[in-house]
Number of protein chains: 2
Amino acid sequence: MTVTILVVEDEPAIQELIALNLKREGYMTLSALSADNAMQLINNVLPDLVLLDWMLPDTPGIEFARRLRREERTKAIPLIMLTARIDENDKIAGLEAGADDYITKPFSPRELIARIKAVLRRRLPEMSDEVLELGGLRLDPVSHRVHACNDGFSDLAEINLGPTEFRLLHFLMAYKERVHTREQLLDRIWGDHVFIEDRTVDVHIRRLRKILESVGKENLVQTVRGTGYRFSVTPN
Amino acid sequence: MTVTILVVEDEPAIQELIALNLKREGYMTLSALSADNAMQLINNVLPDLVLLDWMLPDTPGIEFARRLRREERTKAIPLIMLTARIDENDKIAGLEAGADDYITKPFSPRELIARIKAVLRRRLPEMSDEVLELGGLRLDPVSHRVHACNDGFSDLAEINLGPTEFRLLHFLMAYKERVHTREQLLDRIWGDHVFIEDRTVDVHIRRLRKILESVGKENLVQTVRGTGYRFSVTPN
DNA sequence: AGTAAACGTTACATTTTTATGACACCCTAT
DNA sequence: ATAGGGTGTCATAAAAATGTAACGTTTACT
């Protein structure tokens, strides 16, 4: 899945450098040179993660972070702060303002990438490109493939899913053993504020189940009556 | 593919020594005794990698590194810094400026070569001159040739590819079993920020497939609907 | 048991995404 | 100049995926 990262950094050179390194890793990037700039951008495209320079010209980084956290639409976005100071107070203030992690400048590209991956793994598991193995299924986001390890070891049947079914399964597996309402699924799999019927989720669940049944994997996608759906390893 | 390495080093003796070692490994070398000198050279020939001395007479190495990173044409070039100091701060500053690696003097030719290869492998696997053998194909970047080893050993049919198809296949094979979006392919095969339609990728994929089919190699280049393309040995 | 709400299933029209062939342009070597 | 291969773009065909509505089943509760 393509992760979009917003970089809020006023120094063009560093901005470029960061963007370059992110692209090399396969992330999409959005660039903002100021907090205001960033806010405008966010109105159009909702990024999956924000890299925020602590020291910005107009608004201090922390102020921007607070604003992000205040609004419903943006308050769940993972946030990593970039700071030149090693001041313990700043670190605390940053984390208090809702930062998921922080990096002190100067930092190496490798460290940057490592921290981003760590935050994604924690906050947005469905975007972290990790292979998921659960309930006899093996989903690899990188090669975009799903296999069924039929109760043991021998045959690994390949499972062919359509784009939406793939994302759906990916999401459900990433957040296993949790119920998701149809609305939540629409929001997070289809995207922000799509105008789609709730019942459509049922249909895609059906399609997913059908394919899973065809390789003998039943009861993995479970209905929670009155609420929604859940991926679970225990039968029901 | 011949890798061209630019060596920016003011001391002629070391310059010579490095160039000699690189040549022995089969790299092409460009020499610059100063940053200005290097900039001029780069205007004519774009190197695939830059070896940069930290202490230069006119411009400090780090300044040159920043300049490299700032310009569109040069910002993706892998960069290795040579430094005499063992100061950790320098190391960090260098990495921040976009260096991929650094070597502290004095260093052995072997270490130098090893680091260059490591950086190339990481940054430009499709340039690392390694022969790739996958799915009954044998691609040799050095001789710029592709052969089809038809399911065994006997006949090695030579495959004739156009430049773009060759690079495309090379890239796909270098990153096998991974899905690539059309954008990623454009970025890494055509070059950063080229103004080319996404759909053009389809056409080149088509041309590549056509040629592969003609030697009985089908299903190696696979479509991942909704995402992009993938080179894979397993049928699909 | 009866009933309404929630969920499952199917069919289908539409939209979206890819595949493919044709074509014009641009180099390069003759 | 000119032939020829290589490229990018476009139009159109073909395939696949998607959202909805309609109808069948199950479930919870009276």
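We name chains A, B, ... by the order of the sequence lines, and we start the count at 1 in each one.
- The pair A/Arg122-A/Asp101 does not meet the salt-bridge criterion, since no charged nitrogen lies less than 4.0 angstrom from a carboxylate oxygen.
- Counting non-hydrogen atoms under 4.0 angstrom, A/Phe166 reaches nothing in the nucleic acid.
- Sequence order on DNA chain C of the closest nucleotides to A/Gly228 and B/Gly228 puts A/Gly228 first from the 5' end.
- If you take CG of B/Asp198 and P of D/dC10, they are 12 Å apart, rounded to a whole angstrom.
- Taking 4.0 angstrom as the limit, A/Tyr229 places a side-chain polar atom (N or O) nearer than this to OP1 or OP2 of C/dG8.
- Residue A/Thr200 has its side chain nearest to D/dG19 when only D/dT18, C/dG8, D/dG19 are considered.
- Each of C/dG21, D/dG8, D/dT26 was ranked by its minimum atom distance to the side chain of B/Lys210; first place goes to C/dG21.
- Side-chain nitrogen and oxygen atoms of B/Thr223 include at least one within less than 4.0 Å of the OP1 or OP2 phosphate oxygen of C/dA19.
- Remark: C1' of C/dA5 and CZ of A/Arg225 are 7 Å apart, rounded to the nearest angstrom.
- For the pair A/Arg206 CZ and D/dA21 C1', the interatomic distance rounds to 17 Å; values are reported in whole Å.
- A donor-acceptor pair shorter than 3.5 Å can be found between the side chains of B/Tyr175 and B/Arg188.
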Test A/Phe171 against A/His180 for ring pair (Phe, Tyr, Trp, His ring centres under 6.0 Å), laying out the working first. CA-CA 10 Å; A/Phe171 182 85; A/His180 307 279; 5.0 Å; yes
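- Looking at heavy-atom distances under 4.0 Å, A/Val194 makes no contact with the nucleic acid at all.
- Contacts of A/Arg207 with the nucleic acid, taken as non-hydrogen atoms under 4.0 Å apart, include base atoms.
- If you measure from atom CG of B/Leu186 to atom C1' of D/dT7, you get 13 Å, rounded to the nearest angstrom.
- Look at A/Arg199 and you won't find any side-chain N or O under 4.0 angstrom from OP1 or OP2 of D/dA21.
- Put simply, CD on A/Glu183 is 13 Å from P on C/dA6, counting in whole angstrom units.
- Atom CH2 of A/Trp190 is separated from atom P of D/dA17 by 15 Å (rounded to the nearest Å).
- The side chain of A/Thr164 contributes no N or O atom lying less than 4.0 Å from OP1 or OP2 of D/dA17.
- Judged purely by distance below 3.5 Å, without hydrogens or angles, the side chains of A/Arg209 and A/Thr223 pair a donor atom with an acceptor atom.
- When the nucleotides D/dA17, D/dT7, C/dG8 are ranked by their closest atom to the side chain of B/Pro163, D/dT7 comes out on top.
- Distance B/Ile205 CD1 to D/dG8 P: 13 Å, rounded to the nearest Å.
- The CD atom of A/Glu197 sits 15 Å away from the P atom of C/dC7 (whole-angstrom rounding).
- Ion pairing of A/Glu158 with A/Arg145 is present here, as a side-chain N (NZ or NE/NH1/NH2) and a carboxylate O approach within less than 4.0 Å.
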